[in-house]
Protein chains: 2
Amino acid sequence: MDNAKPESSPAGTGMGIAAVERDTGLGKDTLRVWERRYGFPQPGRDVFGERVYPAEQVEHLRLIKRLMDQGQRPGALLRQPMAALSEQCANASATVGADDAVDWVIPLLKHRDVDHLRAELAQRQARDGLERFVIETVPALNRRIGDGWMTGEIEIFEEHLYTELMQNQLRSSIHALGSRGARPQVLLTTVKEEEHLLGLLMVEALLAANGAWCLSLGAQTPIADIVGAAQGTTTDIVALSFSSAYPWRKARDSLVELRAALPARTELWAGGGALKGRGRQVPGVRAIDNLRAITPALADWKATRASLGEH
Amino acid sequence: MDNAKPESSPAGTGMGIAAVERDTGLGKDTLRVWERRYGFPQPGRDVFGERVYPAEQVEHLRLIKRLMDQGQRPGALLRQPMAALSEQCANASATVGADDAVDWVIPLLKHRDVDHLRAELAQRQARDGLERFVIETVPALNRRIGDGWMTGEIEIFEEHLYTELMQNQLRSSIHALGSRGARPQVLLTTVKEEEHLLGLLMVEALLAANGAWCLSLGAQTPIADIVGAAQGTTTDIVALSFSSAYPWRKARDSLVELRAALPARTELWAGGGALKGRGRQVPGVRAIDNLRAITPALADWKATRASLGEH
DNA sequence: ACCTCTTCTTTGTCCATGACAATTTTGTTG
DNA sequence: CAACAAAATTGTCATGGACAAAGAAGAGGT
């Protein structure tokens, strides 16, 4: 029954297709269809005619995956030789323009100096205050980490480690603020298939710092459930975050759908990279262009609320 | 480019094959071959001929998977009606025993009584101690939540809410323990496509409670990167967690690959639902059958370390 | 110029069927 | 009853065709 896989060739001679899927994150179907269409990868075959990928090609695939995650399309990448890809990978980061001020994070990560890193984060937040920390330092750090990953300067797990520590830092700050029962009451989430929890936490921290009561539903909440949650509570504002990787059209549709389903008294805010530079707004939705816009938006809400009955 | 999976209606109308694979842990190929050979499952087809599994059949499949994990063979299970399977499953779980003691969580969730719920969690942990809390209360709560979701008693976002609160609770406890620099130093993570962060946190809490120094890489770390991380640090133990939805075969292959790549002095531990009842172990890998096994395992490590040179 | 709507291209996933090695079960014989 | 051979079970891989959803390019309106 247990059908142990024929593969399990250690990286010595080559890997089976299942192993490559595990290692690269590219599906079996995708690997086969690339081979058919682009002629790469071109694995050898073992005695039974099953694909055997040389370590070199797996490395090449991993590089392609890395560039794809950064936004490139496969068609172009698969036609280039490996050398060109490595070069692209290096170039990409140079254009972004670096924040030298946060370079200290890299060596700390490389040395796995967790305690030191944690202390550094805590200290900077204490020094600058939560709001400035979230608006200036954290985005700079995120950018630096992203660049470092793209250039191969840091490994994926080091990025994970950073994310983990930063999340801890923000969570404990939010928890310490503990503005329970305050107004406005904000329902915070992202729609299905979004995963960038760190961004959500940053927003939550800013909201909490401005005295709002935040209820985070985490990621991947279906629209119907968002409506359900908003109706069940005395929610004043529903705030959605879309990462820049999220297709704009889909985001717009979701917002329209949500706006129609929510009661009129509930405000709907949308933010995140996907909204950036998108001047045109969806009717009835407040676009939050960047983190700095959160504080004024909250002030607006309070003013409006005050000018109304206030009852 | 990103071709996010088309997948997953909430279970209202039915699920695509990819969603079923994720939900049940049964591979796409397996699902198709069962249909061909045994006539079950028998999904409907959407407008374009793709399989659409009714929620009922997915439930049936989940049952079958559960019994297979206990050692039964598919051929027998697939010919039985659902009723017979439920009965078998009930017999098996009767030994485990249901927990009425945690029913209080449901109404608190239904009323979105976040503060009350948070306080309740904190109080119970304080009363029972972190170790007992993680070993007894948290799993009971998880089971209750899972059941509630299966029966439609609670919504998905309420499950998210619970997860969020519980994660906060555990994180702050771990942070408070702060056994920095202690030994053994444990590298904790899950492989690609695993997302059950809560389980990881539970393990981390137990390890920290027993004086280990835990470094959590979060979820979805590729194998190559796990090796890199372990080599870069003075890691004593690499611990992996596999949720029960994770296919046993893939887990085994990952472990073999990892064991071969890690230095001999680094221990490799594996735990989680996928390992449960799996008497057969991978050579050189310590299987952690359940949460209770963690404390003795740590004691073993310390004893071994002491009997050696201790240098 | 910017945004939106339409058309064309790219790309990942799905389908159907066939095949086969690893494992378990069954049958046979000393 | 042990041991070995034969048969049945079962998951994964291969091939080639197909198409919907995401992206890019082009047309037109304000």
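Chain letters run A, B, ... following the sequence lines, proteins first, then strands; residues in each count from 1. Please read these numbers as outputs of a predicted model, since none were measured by experiment. Side chains included, hydrogens not; waters and symmetry mates left out as well; all remaining heavy atoms used.
Of the charged side-chain nitrogens involved, at least one lies within less than 4.0 Å of a carboxylate oxygen, so that A/R45 and A/E35 count as a salt-bridged pair.
Atom CZ in A/R22 sits roughly 10 Å away from atom P in D/dC13 (whole-Å rounding). Rounded to an integer number of Å, the gap from A/R32 CZ to D/dG16 P is 12 Å. Note: CZ (B/F48) to C1' (D/dA21) measures 13 Å, nearest angstrom. Atoms CG (B/D46) and P (D/dC19) sit 13 Å apart, rounded to a whole Å. To the nearest angstrom, C1' of C/dT13 lies 10 Å from CZ of A/R37. For the pair A/E35 CD and C/dT11 C1', the interatomic distance rounds to 16 Å; values are reported in whole Å. Per the geometry, CD belonging to A/E50 stands 14 Å off C1' belonging to C/dG18, to the nearest Å. In this entry the distance linking CG of A/L31 with P of D/dG16 reads 17 Å, nearest Å.
Positionally, the nearest nucleotide of DNA chain C for A/D29 lies more toward the 5' end than for the other of B/R36 and A/D29.
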| B/R37 and B/L78: CA distance, side-chain angles, deciding distance, side chain to side chain contact (heavy atoms under 4.5 Å, CB included) verdict | CA-CA 10 Å; B/R37 288 190 186 140; B/L78 280 162; over 6 Å; no

| side chain to side chain contact (heavy atoms under 4.5 Å, CB included) evaluation trace for B/I17 with B/R32 | CA-CA 9 Å; B/I17 195 172; B/R32 282 193 277 256; 3.8 Å; yes

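Over its full length, the helix from C/dA1-D/dT30 to C/dG30-D/dC1 turns its helical axis through 30°, comparing axes from the five pairs at each end and rounding to 10°.
Considering only side-chain N and O atoms, B/T30 lies under 4.0 angstrom from the phosphate OP1 or OP2 of D/dT12. Between B/R51 and C/dA16, a side-chain N or O to OP1/OP2 separation shorter than 4.0 Å is present. Side-chain N/O atoms of B/R45 include one lying less than 4.0 angstrom from OP1 or OP2 on C/dA16. In this structure, B/Y38 does not reach the D/dT9 phosphate: none of its side-chain N or O atoms is under 4.0 Å from OP1 or OP2. OP1 or OP2 of D/dC13 lies within a sub-4.0 Å distance of a side-chain N or O belonging to A/K28.
Checking side-chain atoms of B/E155 against main-chain N and O of A/G228 turns up no donor-acceptor pair under 3.5 Å.
Every residue was checked against the salt bridge (charged side-chain N to carboxylate O under 4.0 Å, His left out) condition with A/R36, not counting sequence neighbours, and none meets it.
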List, one per line, each side-chain donor-acceptor pair under 3.5 Å for residues 252-259 of chain A, sequence neighbours excluded.
{"unit_1": "A/S254", "atom_1": "OG", "unit_2": "A/K250", "atom_2": "O", "d": "3.0"}
{"unit_1": "A/R259", "atom_1": "NH1", "unit_2": "A/T266", "atom_2": "O", "d": "3.2"}
{"unit_1": "A/R259", "atom_1": "NH1", "unit_2": "A/G284", "atom_2": "O", "d": "3.2"}
{"unit_1": "A/R259", "atom_1": "NH2", "unit_2": "A/P263", "atom_2": "O", "d": "3.1"}
{"unit_1": "A/R259", "atom_1": "NH2", "unit_2": "A/T266", "atom_2": "O", "d": "2.9"}

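A/Y53 and A/P41 make their closest contact through CE2-CG, 3.6 Å (heavy atoms, listed as atom of the first residue, atom of the second, distance).
Considering only side-chain atoms of B/V33, the nucleotide from C/dA21, D/dG11, C/dT25 that sits closest is D/dG11.
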